[in-house]
Amino acid sequence: MVTAAPTTAPLTVTLDPRATYQPAPAADGAGLLKAIPGFNVTRKGGSGGDPLFRGLGGGRLDIQADGTGLYGGCGGRMDPPTAYLNPETFDRVTLLKGPQTVKHGPVAFAGTVLFEREAPAFVEPGIEGQASLLIGRDGRVDSGLNFSAGSSQAYVRISTQTNDSDDYHDGNGNAVHSESKRRAGSLTIGITPTENTTLEASYDISRAEAAYADRGMDGSKFDRNAWNLKFEQRNLTSWLNKVGVQVFRSYVDHVMDNYTFRSTPKMKQAAMNPDRTVTGGRAYTQFAVGDGELDVGFDWQDDQHRSRMGMMGADYHDKPYAADMSLERRGVYGELSYPLATRTRLIAGLRRDRDEARDDKQLVNGTANPNYGVTQRNNLDSGFIRLEQRFTDPLTLYAGFGHAERGADYWERNARFNLKPETLNQLDVGALWQGESLSASLSLFAGRIDDYILVDYRAAKTTARNVDANRRGGEADVKWRFLPGWTLGGALAYVWAENDSEGRPLGQTPPLEGRVTLNYDNDRWSAGGLWRVVAAQDRVDIGTGNIIGRDLGTTPGFATLSINAGYKPLKNLQLTAGIDNLFDRTYAESVSKAGAMVAGYEQTSRVNEPGRTWWVKGQYRF
């Protein structure tokens, strides 16, 4: 049972997406990330929430699926990247905090999240896998199957996940417009002619639909098809560790309408159908430099966005697509990891990206677009340097400085096409203690963002502008095994952010949050609890925020308690049950979206979180 994911290495958090989590995560990738201290999810309904880390999301938080770029198509962020990610089809999820790596595309300000798959290693012909089933309140049924078969020469892997849920209920017992259905599958075929050679081809497909409580439309179609080709050769010479190349294509087809999940007069039916095609790849090499490593690589992406719509009963299928925006990027990087002494390591990297965006919209709100055909080009430079010092076996200290530049993303350019690139300068410091009975970590940051892109929702049309911002905060976690089988844990996360240009708080910054956990596990029986406490947030700037949402006003603090218990009747069979929000509290996150007026449902100022929720889950490994 996972109630909070700890930091396992400097600036690194790793999750097992097939483990059992409490609170039971949503069916998509955003729900899983809430287990990491410092993550918040903007609530819109039952799924499709938008993740933020340290108060930053969208283009400032990079989400990658098996080494490929992934973006949603909806202009209103109905489908963030995590809406297309089904956690149990992946092997590992890794968060790399801050601008402290350059290897994974443009340097993300908040961090980089990698949803990763590992090639199965078969010494002899065999099969392996895992099956899971979760049943919960409000008609929730999740199932997953991961199956691998192969030998030392080749392998095949099949992963599937399904998720169904009805409208959930908040603490007042009111239904929230939030039903959803998701289906996903992945097929991977690999050839390993030698232990140092891997050639792999994979194909991902997902289908989903979901009701939303924060707007006048729902998502009747979230379709994604993606293929991915990889080749890697390792241990070539004493000075060349590996070379590799990867090519991918991801196609997202999304439909939002106001009639699939709600009653609407026929003449007022409306549907919008954006789609998005991202093609890209990378080539990389790792050299041995003494006892260290030097990674050098090149990556690129071509991103095409289109849209069409149908109004007054017209079928959108009969309409042609119209180009919306084109984005291209090319980048080169080098990252060095080198031991300066037995217990001292230096990590540093440099990166340059060529970023281009062309406005393809001929009309905006029925009038000629003055930016039609305009192309904006930016050269973006990023880099970092970090020193890690291990003083004793359990204690490691680190300090790093990072510089990153970021061009506006698709949604920010929709609000205003001509925006200056953002520039971040940030200091990251921290400590890790990995003892036999006590483990702890501390991650602190202080950064300044020049030309921060602030989105303003107060006018009739959403706009964006550049301001200067200061941010600081961090995360801390501790786990203490005080008796055999017993573990006491805690975690804290806090962010303070200021709009320096206008002398007021930076919109959509979450408040202080703490977690206390107590767990017992004797390898057969387990039990535990999670107490989550969130402070009030009075540092707000009503009407401003980011592409995900805006400040709606101050929010009160809240606390929730969740409990769980588990039993292993067999070595490979795990049964777990839990109750989330045990005392049925009615509350909403500070970054939640505003509740919309939906016929048959009570409108709330914010979309409330689920009330008391029971669930049971079984997992079998073979």
Look only at the side chain of Trp411 and the backbone of Cys74, and say whether a donor-acceptor pair between them is shorter than 3.5 Å.
yes
Any chance you could measure Trp239, atom CH2, to Leu294, atom CG, to the nearest 0.5 Å?
12.0 Å
Taking the six-membered ring of Phe417 as reference, does the cationic atom of Arg413 (NZ for Lys, CZ for Arg) lie under 6.0 Å from its centre and within 45° of its axis?
yes
For the residue pair Ser439 and Gln434, confirm or rule out a side-chain donor-acceptor distance under 3.5 Å.
no
Taking Arg117 for the side chain and Thr89 for the main chain, is one N or O donor matched with an acceptor at less than 3.5 Å?
yes
Less than 4.5 Å apart, any side-chain heavy atom of Gln286 and any of Glu293?
yes
Let me know which of Asp353, Asp355, Asp303 forms a salt bridge (charged side-chain N to carboxylate O under 4.0 Å, His left out) with Arg329.
Asp353
Is any side-chain N of the basic residue among Arg377 and Glu356 closer than 4.0 Å to the acidic one's carboxylate O?
yes
Give the intermediate values and the outcome of side-chain hydrogen bond (donor to acceptor under 3.5 Å, both in side chains) for residues Tyr398 and Ser443.
CA-CA 9 Å; Tyr398 64 88; Ser443 300; 3.1 Å; yes
Any donor-acceptor pair under 3.5 Å linking the side-chain atoms of Asn379 with those of Arg354?
yes
State, yes or no, whether a side-chain contact exists between Asp451 and Pro421 at a heavy-atom distance under 4.5 Å.
no
4.5 Å side-chain heavy-atom contact, Arg60 and Leu424
no
With Glu412, the salt bridge (charged side-chain N to carboxylate O under 4.0 Å, His left out) member among Arg77, Arg406, Lys420
Arg406
Do other residues, nucleotides or ligands put more than 12 heavy atoms under 6.0 Å from Trp227 CH2?
yes
Consider only side-chain N and O atoms of Asp302 and Thr279, and report whether a donor and an acceptor are under 3.5 Å apart.
no
If only side-chain N and O atoms count, and only distance matters, is there a donor-acceptor pair under 3.5 Å linking Ser159 with Asn146?
yes
Which salt bridge (charged side-chain N to carboxylate O under 4.0 Å, His left out) pairs, counting each pair once, include a residue from residues 496-509, with sequence neighbours left out?
Arg448-Asp500, Arg465-Glu502, Glu498-Arg539, Glu502-Arg504, Arg504-Asp541
Please determine if Arg390 and Glu388 form a salt bridge, counting it only when a charged side-chain N lies under 4.0 Å from a carboxylate O.
no
Could you tell me whether Asp79 and Arg276 make a salt bridge, using a distance below 4.0 angstrom between a side-chain N and a carboxylate O?
no
Determine whether a donor-acceptor pair (N or O, by modelled atom type, separation under 3.5 Å) exists between the side chain of Arg157 and the backbone of Thr188.
no
A side-chain contact here means heavy atoms from C-beta on lying under 4.5 Å apart; do Phe384 and Glu335 qualify?
yes
Looking at Asn519 and Gly528, what are the two nearest heavy atoms and their distance?
OD1-CA, 3.4 Å
Min side-chain heavy-atom separation Val113-Phe39 under 4.5 Å
yes
Can you run down the side-chain hydrogen bond (donor to acceptor under 3.5 Å, both in side chains) pairs that involve residues 19-31, sequence neighbours left out, and say none if there aren't any?
Thr20-Gln619, Gln22-Asn564, Gln22-Asp580
For Ser382 and Glu405, which I'm curious about, is there any donor-acceptor pair between the side chains at under 3.5 Å?
no
